[in-house]
Amino acid sequence: MWLTTDDGRALLDAYNNVPSVGHANPRVLAALCRQAAVLNTHTRYLHEGVVRYAERVTADMPPGLGSAVFTCSGSEANDLALRMANAWHGGTGVIVTSNAYHGVTAAAAQASPSLGPVAPHVRTVAPPLGDEPAEAFAAAVAAAAADLHAAGHGPATLLVDSVMASDGVITDAEGALAAAAEAVRAAGGLYVADEVQAGFGRLGRMWGFQHHGAVPDIVTLGKPMGNGHPIGGLVARTDIADRFGRRTRYFNTFGGNTVSAAVGLAVLDEIEDRNLVGHARTEGAHLGSALARLAGRHPAVVSAVRGTGLYYGIELRDGAASSAALTTAALEGLLARGVLVGRCGPADNVIKVRPPLVIAPPELELLTDALDATLADLTTP
């Protein structure tokens with residue numbers, strides 16, 4: 001859970017979900033070194049470790065999602081998912097939330113409004129907030145799909161980050177993703193669950209879409225998949241993957257290589273053997289309660305707390321308005337107290353708390369105590 005600066009100062013890492021089973025995890029390190037000493041090459045040769053890893057990943061998915069393809073990053077996974085979806089339904093349209101981030105390849109960046117203007121074949125919809133989030137979100141997705149059809153880009157692919165991190169962390173819109181998935185399928189499209197941030201136990205379930213009661217057609221993976229080792233991938237409905245394989249080629253020199261597979265298996269073993277999904281659910285509930293109490297103590301600066309498991313967003317405001325400057329001051333205050341967090345949201349005013357899954361109660365207490373003191377400083381004249 002800890003990072004050390006070059007001058008020896010220890011910092012509690014409450015931000016990085018890439019090393020999800022802990023920095024320098026011994027089991028992951030041993031698996032990496034052991035496999036690298038035997039075989040470390042490109043993916044032209046099939047290896048039992050890669051097959052075993054694909055079987056482990058797909059075993060955790062809903063029925064029908066039985067085909068895995070591996071990449072080197074989440075960006076590549078989202079890029080490939082869009083290619084697969086286009087090959088399936090014949091359209092080019094993409095629907096994303098209004099401040100989404102899905103990666104840095106050309107296709108992923110064009111569908112990432114948080115990076116800049118989206119491409120002509122992309123439509124954005126507001127994330128599901130409000131009194132009737134499911135109905136409003138599904139209606140917005142249906143309207144966007146119809147608009148893409150009218151513009152000659154349909155059918156469309158609905159691509160949603162299951163935690164909607166860049167939109168400010170949205171996890172409590174019950175039923176919204178499931179309703180939106182049905183809306184896009186009714187228009188001939190597909191639903192792709194971007195699990196690059198939400199996956200592998202982060203929200204107290206193995207996959208973020210489970211928290212929303214949704215069943216995707218394709219699931220994209222990355223970040224915590226390799227605990228810092230560069231591995232990504234996707235799991236697709238077998239009929240979608242089969243059609244794609246018959247119509248085109250996909251090769252990734254290093255995606256799903258033997259070392260990556262060994263690392264991925266070690267991460268899954270750690271998650272399973274240490275019950276980190278249950279740990280995230282239990283400790284996340286304690287964290288959520290603590291953050292709610294902090295919001296009650298500091299109503300002048302905290303406008304909302306959203307999240308579940310070990311992923312929370314604390315939205316700040318300066319008076320009646322949101323304030324990115326206030327968030328900067330909060331991050332600096334936490335850093336001065338030895339705690340690392342991030343920021344997100346369309347107004348850049350949400351503190352992002354996303355620690356490795358192995359965080360323990362004493363560290364959570366240190367985090368919330370530091371946040372309490374920092375928020376108090378923000379309201380002191």
Side-chain angles (χ1 to χ4, degrees), residues 62 64-65 77-103 105-167 170 173-196 198 208-209 212-220 234 236-237 239-241 243-244 247 346:
L65 275 75
N78 281 326
D79 187 289
L80 177 58
L82 292 174
R83 285 182 59 191
M84 277 192 173
N86 293 350
W88 175 260
H89 56 54
T92 58
V94 183
I95 303 169
V96 297
T97 53
S98 54
N99 199 54
Y101 171 76
H102 294 292
T105 67
Q110 288 176 346
S112 295
S114 64
L115 296 179
V118 296
H121 63 276
V122 177
R123 298 291 183 272
T124 63
V125 293
L129 289 170
D131 295 333
E132 298 179 344
E135 294 82 355
F137 191 54
V141 168
D147 189 53
L148 285 164
H149 267 288
H153 299 299
T157 301
L158 174 65
L159 174 62
V160 181
D161 164 17
S162 298
V163 75
M164 291 178 247
S166 294
D167 292 287
I170 300 168
E174 186 175 348
L177 278 180
E182 291 309 307
V184 80
R185 289 183 185 122
L190 296 177
Y191 160 45
V192 177
D194 181 342
E195 291 283 321
V196 174
F209 61 78
H212 291 276
V215 178
D217 300 295
I218 303 174
V219 180
T220 58
L234 63 76
R237 278 177 20 206
D239 54 347
I240 294 173
R243 180 181 293 186
F244 181 76
R247 292 185 175 187

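When side chains are defined from C-beta on, Ile218 does not count as touching Arg237, because their heavy atoms never get closer than 4.5 Å. Side-chain contact between Tyr191 and Leu159 is absent, with no heavy-atom pair separated by less than 4.5 Å. Under the 4.5 Å side-chain criterion, counting only non-hydrogen atoms from C-beta, Tyr101 is not in contact with Asp161. Using a 4.5 Å heavy-atom cutoff, the side chains of Ser98 and Pro346 are not in contact. Contact check for Leu190 versus Ile240: side-chain heavy atoms found under the 4.5 Å cut-off. Proximity of Val125 to Phe137: side-chain heavy atoms (C-beta onward) are separated by under 4.5 Å at one or more points. Considering only heavy atoms from C-beta on, Val96 comes within 4.5 Å of His102 through its side chain. Counting heavy atoms from C-beta outward, Val192 and Leu158 have side chains that stay 4.5 Å or more apart.
Thr157 places no side-chain N or O within 3.5 Å of a backbone atom of Leu82 that could act as its donor or acceptor partner. Not a single donor-acceptor pair under 3.5 Å links the side chain of Asp194 to the backbone N or O of Val160. A distance-only check finds a donor-acceptor pair linking the side chain of Ser114 to the backbone of Ala100 [under 3.5 Å]. No donor-acceptor pair closer than 3.5 Å links the side chain of Gln110 to the backbone N or O of Val122. When atom types are taken as modelled, the side chain of His89 and the backbone of Gly91 share a donor-acceptor pair closer than 3.5 angstrom. Not a single donor-acceptor pair under 3.5 Å links the side chain of Ser112 to the backbone N or O of Leu115.
Taking every heavy atom of both residues into account, Ala77 and Thr220 meet most closely at O-CG2, 3.6 Å. Across Val141 and Ala183, no two heavy atoms sit closer than the pair CG1-CB, 4.3 Å. What you find for Pro155 and Gly188 is that their closest heavy atoms are CB-O, 3.4 Å. The minimum heavy-atom distance between Pro127 and Ile170, with the atom names listed, is CB-CD1, 3.4 Å. Summarising the geometry of Leu129 relative to Pro133, their closest heavy-atom pair is N-CB, 4.2 Å, with the distance given to 0.1 Å. Nearest heavy-atom pair across Val94 and Ala111 is CG1-CB, 4.1 Å.
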Worksheet item: What's the verdict on side-chain contact (heavy atoms from CB on, under 4.5 Å) for Leu80 and Phe244, showing C-alpha distance, side-chain angles and the deciding distance?
Response: CA-CA 10 Å; Leu80 177 58; Phe244 181 76; 3.8 Å; yes
Practice prompt. Check step by step if side-chain contact (heavy atoms from CB on, under 4.5 Å) holds for Val215 and Phe209.
Written response: CA-CA 7 Å; Val215 178; Phe209 61 78; 5.9 Å; no
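A salt bridge (Lys or Arg N to Asp or Glu O under 4.0 Å) check over residues 143-153, counting only residues at least two apart or in different chains, returns the pairs Arg123-Asp147. Sorted pairs that involve residues 85-101 and meet salt bridge (Lys or Arg N to Asp or Glu O under 4.0 Å), not counting sequence neighbours, are lacking altogether.
Side-chain atoms of Asn86 and Thr92 include no donor-acceptor pair closer than 3.5 Å. In this model, no donor atom of one side chain and acceptor atom of the other lie less than 3.5 Å apart for Ser166 and Asn99.
Summarising the geometry, atom CG belonging to Leu177 is positioned 6.0 Å from atom OG belonging to Ser162; distances are rounded to the nearest 0.5 Å. To the nearest 0.5 Å, atoms NE2 (His153) and CG (Leu148) are separated by 7.0 Å.
Relative to the ring axis of Trp88, Arg247 does not place its NZ or CZ within 45° and under 6.0 Å from the centre.
In this view, Arg185 and Glu182, Asp217 satisfy the salt bridge (Lys or Arg N to Asp or Glu O under 4.0 Å) rule, not counting sequence neighbours.
For CD of Glu174, the number of neighbouring non-hydrogen atoms (other residues, nucleotides, ligands) closer than 6.0 Å is 12 at most.
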